[in-house]
There are 2 protein chains.
Amino acid sequence: MKRSSRLSIALHALVHLHAQPGKALTSAALATCLMTNAVVVRRVLGELREGGIVDASKGPNGGWSLARPAEDISLRDVYTAMGERLLVRTESDPGDVTCAIVRSVDRVMKEFIDDAEALLAARLARTRLSDIASEAMAKGFPRLG
Amino acid sequence: MKRSSRLSIALHALVHLHAQPGKALTSAALATCLMTNAVVVRRVLGELREGGIVDASKGPNGGWSLARPAEDISLRDVYTAMGERLLVRTESDPGDVTCAIVRSVDRVMKEFIDDAEALLAARLARTRLSDIASEAMAKGFPRLG
DNA sequence: GTTTCATGTAACTTTTAATGTTACATATTG
DNA sequence: CAATATGTAACATTAAAAGTTACATGAAAC
């Protein structure tokens with residue numbers, strides 16, 4: 001996987017977990033389906049675990065599973081748990097902040113970014129994991145063994 | 001300048017142009033103040049020129065100037081002219097789109113991104129170059145010779 | 001017209017963040 | 001204790017942005 005957002009990776013993994021209720025999926029199995037690496041999966045799902053969205057268990061028959069129903073997981077929950085940034089950063093060079101113009105630009109941009117984050121979060125809250133899952137399932141998809 | 005957004009660079013340059021009405025500023029002079037390179041300035045302002053926000057003139061006493069009053073330049077105008085992305089990209093790996101889940105995730109994310117772009121553009125439209133400039137000028141700033 | 005100065009732009013290098021990889025410690029099941 | 005999975009550190013790779021160099025093009029001043 002070259003350049004997809006961690007958010008997309010997370011959602012893809014979560015749909016797989018939702019599709020296999022009661023069965024823990026390993027990082028390795030998910031990595032194969034997501035066309036990425038097991039460590040990358042652990043890094044992403046590790047954040048979701050800290051956010052209480054998924055559970056992880058070690059040992060034989062261990063792996064990842066949803067911590068609560070897909071209906072109760074919004075994209076905002078996932079976004080927040082990951083500390084993900086949907087907005088690109090706009091800070092200026094630290095050596096440049098002695099300039100009053102730079103400070104004003106930074107301040108205006110910060111106000112904008114703060115507003116934008118709130119707007120985005122509100123929009124993300126409107127979509128739930130179950131919305132993605134039901135659409136994907138309606139079309140059929142390969143299950144993990 | 002290590003990692004600031006092109007949008008910040010553009011706004012910084014535009015405020016300088018606004019502060020020196022009737023006088024064209026060169027890429028080299030702006031680069032010094034923006035703590036970056038003249039070619040970077042030309043690349044950014046070149047897009048604004050195509051968007052009708054600034055004018056460029058060659059030869060002695062040439063350089064960059066605003067194409068219209070700062071009151072008539074919104075952050076949205078600048079954003080649009082630059083084809084800038086405030087949102088990080090979320091596409092999945094092209095080799096992965098045979099998976100129905102990936103396609104559903106991508107579709108949901110695309111809907112979200114489209115909505116988000118509209119929200120951000122509307123928010124950007126509320127701030128004008130003159131808003132940034134008047135704040136910066138109230139605090140004083142170094143003029144370019 | 002020639003000199004000077006500025007933009008326009010191509011080609012290349014450097015830098016940075018994200019991602020991928022390897023290796024191994026830790027914990028859990030049976 | 002053997003097998004298996006997460007957790008994580010350390011390092012390598014990759015891709016995008018920015019920086020740099022070099023030079024062609026065009027406009028003003030003399």
Side-chain angles (χ1 to χ4, degrees), chain A residues 1-10 12-13 17 23-32 34-50 54-65 67 82-96 144-145, chain B residues 1-10 12-13 17 23-32 34-50 54-65 67 82-96 144-145:
Chain A
M1 186 167 286
K2 307 282 182 181
R3 280 273 131 173
S4 80
S5 78
R6 288 154 14 98
L7 187 54
S8 289
I9 294 177
H12 189 174
L17 297 184
K23 178 175 186 179
L25 298 181
T26 68
S27 303
L30 286 168
T32 300
L34 310 205
M35 296 181 68
T36 184
N37 187 283
V39 174
V40 173
V41 172
R42 283 185 206 129
R43 284 204 278 245
V44 170
L45 292 188
E47 296 182 84
L48 299 187
R49 175 178 49 71
E50 290 173 21
V54 299
D55 290 323
S57 58
K58 294 182 175 180
N61 298 319
W64 305 91
S65 54
M82 299 181 69
E84 182 72 335
R85 283 189 299 257
L86 246 24
L87 293 165
V88 303
R89 299 172 322 152
T90 56
E91 304 89 42
S92 296
D93 188 283
D96 206 17
L144 295 177
Chain B
M1 186 166 288
K2 305 281 181 183
R3 278 273 133 173
S4 81
S5 76
R6 287 155 16 97
L7 187 54
S8 288
I9 295 175
H12 190 174
L17 296 184
K23 178 175 185 178
L25 298 181
T26 67
S27 302
L30 287 168
T32 300
L34 308 204
M35 296 182 68
T36 184
N37 188 282
V39 174
V40 173
V41 171
R42 283 185 206 129
R43 285 204 277 243
V44 170
L45 292 188
E47 296 182 83
L48 300 186
R49 176 178 48 71
E50 289 174 22
V54 299
D55 290 323
S57 59
K58 294 182 176 180
N61 298 318
W64 304 91
S65 54
M82 298 181 69
E84 183 72 334
R85 285 187 302 253
L86 246 23
L87 292 166
V88 304
R89 300 171 321 150
T90 57
E91 302 90 43
S92 297
D93 188 285
D96 206 18
L144 295 178

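In what follows, every chain begins at residue 1, and chains take the letters A, B, ... in the order their sequences are listed. Note: hydrogens, waters and symmetry copies are ignored here, and every other heavy atom, side chains too, is used.
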Can you tabulate the close N/O pairs, meaning under 3.5 Å, that link protein atoms to atoms of nucleotides 23-30 of chain C?
unit_1: C:dA27; atom_1: O4'; unit_2: A:Lys58; atom_2: NZ; d: 3.1

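Taking the side chain to side chain contact (heavy atoms under 4.5 Å, CB included) definition, one finds that B:Val39 meets it with B:Asn37, B:Arg42, B:Arg43, sequence neighbours left out. Remark: A:Ala24 engages no residue in a side chain to side chain contact (heavy atoms under 4.5 Å, CB included) (not counting sequence neighbours). Applying the side chain to side chain contact (heavy atoms under 4.5 Å, CB included) rule to B:Thr26 yields the partners B:Ala28, B:Ala29; only residues at least two apart in sequence or on another chain are considered.
Note: CE (B:Met35) to P (D:dT20) measures 12 Å, nearest angstrom. Distance A:Glu50 CD to D:dT8 C1': 12 Å, rounded to the nearest Å. The interatomic distance linking A:Leu17 (CG) with D:dA5 (P) rounds to 15 Å, in whole Å. C:dT19 atom P lies 11 Å from atom CD of A:Glu47, rounded to whole Å. For the pair B:Lys23 NZ and C:dC5 P, the computed distance is 15 Å after rounding to whole Å. The distance between atom CG of A:Asn37 and atom C1' of D:dA5, rounded to the nearest whole Å, is 15 Å. Taking atom CZ of residue A:Arg49 and atom C1' of nucleotide D:dT8, one finds them 11 Å apart after rounding to whole Å. D:dA17 atom P lies 12 Å from atom CD1 of B:Ile9, rounded to whole Å.
Side-chain contact between B:Leu34 and B:Val40 is absent, with no heavy atoms from C-beta onward closer than 4.5 Å.
For B:Arg43 against D:dG19, a side-chain N or O and a base N or O form a donor-acceptor pair under 3.5 Å.
Note that CZ of B:Arg6 and OG1 of B:Thr36 are 12.0 Å apart. Values are rounded to the nearest 0.5 Å. Separation of atoms CD1 (B:Ile9) and CG (B:Leu45) is listed at 9.5 Å; rounding is to 0.5 Å.
Contact check, A:Ser27 against D:dT6: a side-chain N or O comes under 4.0 Å of OP1 or OP2.
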